[in-house]
Number of protein chains: 2
Amino acid sequence: MANIQQVAQKAGVSVATVSRVLNNAPSVSPKTRLKVENAIKDLNYEPSMLGRNLRNSESRLLLVLLPSISNPFYTEIINGIQNTAIANSYNILLCETDSNPQRENIYFNMVKNKLADGVISMDPTVNMQKLNELAENHPVILCSEYEEGGSIPYVTIDNELAAYQAVKHLIKLGHDKIALINSDEKFLYARQRRNGYERALREFELPIRNEWIYHTKDLDFQNGVQAVRMLLQQEEKPSAIFAVSDTLAIGALKGINVSGLHVPNDIALVGFDNISFSNMTNPTLTTISQPMYNMGCTAAEMLISSIKEEKVESIVLDHELLIRESTMG
Amino acid sequence: MANIQQVAQKAGVSVATVSRVLNNAPSVSPKTRLKVENAIKDLNYEPSMLGRNLRNSESRLLLVLLPSISNPFYTEIINGIQNTAIANSYNILLCETDSNPQRENIYFNMVKNKLADGVISMDPTVNMQKLNELAENHPVILCSEYEEGGSIPYVTIDNELAAYQAVKHLIKLGHDKIALINSDEKFLYARQRRNGYERALREFELPIRNEWIYHTKDLDFQNGVQAVRMLLQQEEKPSAIFAVSDTLAIGALKGINVSGLHVPNDIALVGFDNISFSNMTNPTLTTISQPMYNMGCTAAEMLISSIKEEKVESIVLDHELLIRESTMG
DNA sequence: ATGAAAGCGCTAACAT
DNA sequence: ATGTTAGCGCTTTCAT
């Protein structure tokens, strides 16, 4: 693989001139430019990013931290990040932490080591203290999950309001025994969505019953199946379920079917996210639609601004309640 | 951010000694090592990968090319690649081409530019000619989709046999009107799966009818819905459907439900891949289980071998027919 | 408009 | 066991 030296030699110019041609500097005569371009073609030369990055001390790589690539919720966000990144000559490095602190460390080091110019974290399990430390010297943006009152800029939705609306929708349909399938409340989004759930119940003077609130370990389908199994063992069974993630809701739907009950006639069901699967289930799933693509774009824009040392403000995007078959009794 | 110079100065040694400490060279006295380590801590020093990579002319980054991150088929493969990569001190760069040649070019250039040490392509839409060119000078491995008789090593399954087994399973259940939902036959896997489908039909002297073979644009759910809509318009309707991807099969299931028919009583259904969602549908989906995680690990191992300039051989992994509710009439 | 030369941060020969 | 130094490939001042 040829280097800039060889191109310069072949073209009969200095390396500086080759560099100028490479970077479209205006101060190169058309004649010289042509000579250099020919040499580049002849030698099949490709500039080394390594040299360029070292010199410019930038990598034009953005890190995207996520707990697991298998939750479809992230895929649309990633699309948004990726498109925005590419439009700004950045590329993204998808980093699946599997909620493993060791892996997380590897990725944090990549930023410290200048192998990446900044981080977008979508990982609720991220070590916030370490992330805050990193953010002191490097650009960091939080996407979806964030820290209340923290100093790292974020893009998210109003989780409390969204959950409130979802539950209120069930109440309006006449349900008064509404269960919640929540994830671990060490996560902010889980606490917020529970608050919304409780606010709706209180507003309509319905009791908040602990035996109708189930907490899952993570968001895999299987956790939804398991949650329903528990909920249906209760003495008094709920007539509606709000799950804080579509993956959980889809698992719940499975569990309900397995136990011989029918959605929505026996149990109404609402999910959260609007992943593409949620429209393929039978019945289709009522859910809160998060603006995932837009969220990704916004996060990437914020990060790139931050890299340019521009001031960035946190943003709360709009969501929407999508009413589908799982609540159309 | 401190550099190696400053550490050397602070520790009162040369940069070479610092480098030795960094790389765990045995020839450093414990006393010196301690001095250096203290200086590193004091200055909060992190070695720059950029400098190291330039010097070593390696990036320890692996490119993973895939058409779209939203097909869950890829997520498990990626898990395998990622784990293997990390175990070998590599990281992966997930590159979604969206079947867009321009994006593809960006990624190919990253390899040429030394920003990545090698490529695993899972993208059936990849420009094979360009990939072959790249493979002349850089390590490249194909995963899942490959080129028959090509020179790039691959890891895959026996698509023809798998499809044959899937269709034979339907025939053994008594079906004699079996439709195929295939993707575009410009892809090798699509041609191979069609061959398997036809072989099974011929073996049992069933006619191959073009009106029962539907080709989709891509693998999104919606294509499966659409395919069923067409198949059910036929004068003589099929009693079973084999779809070459679970995403298509799930869409097909949706389409069948919408039209008021029942799986498996009215129409039996077989998918391909065994994505996790295929066990969440109602009914659960009979499918060909691909060893996705293992496939990813194998591809990564092959690529890393190839980077070390070791000889690598193509590998065909085992698959398995998983019989579930969608064919249990 | 072009060239010479310094330097980005690091590693590895070579020398001591 | 440690230091000196060249150089990886590039960009960018500073001259001319």
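Reminder, nothing fancy here: chain letters follow the sequence lines and each chain counts from 1. Just the heavy atoms: all of them, side chains too, but no hydrogens, waters or symmetry mates, feed the values below.
- With rounding to whole Å, B/Gln5 atom CD is found 13 Å from D/dT5 atom P.
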Verify side-chain contact (heavy atoms from CB on, under 4.5 Å) between A/Leu66 and A/Ile78, making sure each step is shown before the conclusion. CA-CA 10 Å; A/Leu66 66 176; A/Ile78 292 168; 3.7 Å; yes

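- In this structure, the ring pair (Phe, Tyr, Trp, His ring centres under 6.0 Å) partners of A/Tyr154, at least two apart in sequence or on a different chain, are A/Tyr146.
- With sequence neighbours left out, B/Leu115 forms a side-chain contact (heavy atoms from CB on, under 4.5 Å) with A/Met49, A/Leu50, A/Asn53, B/Met110.
- For A/Met49 and B/Ser27, each mapped to the nucleotide of DNA chain D holding its nearest heavy atom, the one lying further toward the 5' end belongs to B/Ser27.
- Residues that satisfy the side-chain contact (heavy atoms from CB on, under 4.5 Å) test with B/Asn3, not counting sequence neighbours, are B/Gln5, B/Gln6.
- Contacts of B/Lys311 classified as salt bridge (charged side-chain N to carboxylate O under 4.0 Å, His left out), with partners at least two apart in sequence or in another chain: B/Glu313.
- Among residues at least two apart or in separate chains, side chain to side chain donor-acceptor pair (under 3.5 Å) pairs with a member in residues 118-127 of chain B are B/Thr97-B/Asp123, B/Ser99-B/Thr125, B/Asp123-B/Thr125.
- Within 4.0 Å of B/Ser29, counting heavy atoms only, lie sugar-phosphate atoms of the nucleic acid but no base atom.
- For B/Glu301, there are no salt bridge (charged side-chain N to carboxylate O under 4.0 Å, His left out) partners at least two apart in sequence or on another chain.
- When the side-chain nitrogen and oxygen atoms of B/Ser14 are compared with OP1 and OP2 of D/dG3, one or more of them lie within a distance under 4.0 Å.
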Just the table, please: protein N/O against nucleotides 11-15 of chain D N/O, every pair under 3.5 Å.
from	atom 1	to	atom 2	distance (Å)
D/dT11	OP1	A/Asn23	OD1	3.4
D/dT11	OP1	A/Asn23	ND2	3.1
D/dT11	OP1	A/Arg52	NE	2.7
D/dT11	OP1	A/Arg52	NH2	3.0
D/dT11	OP2	A/Ser19	OG	2.8
D/dT11	O2	A/Arg55	NH1	2.4
D/dT12	O4'	A/Arg55	NH2	3.1

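- Atom CG in A/Leu43 sits about 14 Å away from atom P in D/dG9, given to the nearest Å.
- In this structure, B/Leu54 reaches the bases: a heavy-atom distance under 4.0 Å links it to at least one base atom across the strands shown.
- B/Glu76 pairs by the side-chain contact (heavy atoms from CB on, under 4.5 Å) definition with B/Asn79, B/Met292, B/Tyr293, not counting sequence neighbours.
- Minimum interatomic distance between A/Glu96 and A/Ile69 (heavy atoms only, all atoms of both residues): OE2-N, 3.0 Å.
- Sequence neighbours left out, the pairs with a member in residues 47-75 of chain A that pass salt bridge (charged side-chain N to carboxylate O under 4.0 Å, His left out) are A/Glu58-A/Arg60.
- Relative to the axis of its first five pairs, the axis of the last five pairs of the helix from C/dA1-D/dT16 to C/dT16-D/dA1 sits at 40°, rounded to 10 degrees.
- Along DNA chain D, the nucleotide nearest B/Pro26 and the nucleotide nearest A/Pro47 are compared for position; the residue whose nucleotide lies closer to the 5' end is B/Pro26.
- Protein chain B contacts DNA chain C from C/dG9 to C/dA13, reading 5' to 3' and using non-hydrogen atoms of the protein with a distance under 4.0 Å.
- Residues passing the side-chain contact (heavy atoms from CB on, under 4.5 Å) test with B/Ser29, sequence neighbours excluded: B/Lys31, B/Thr32.
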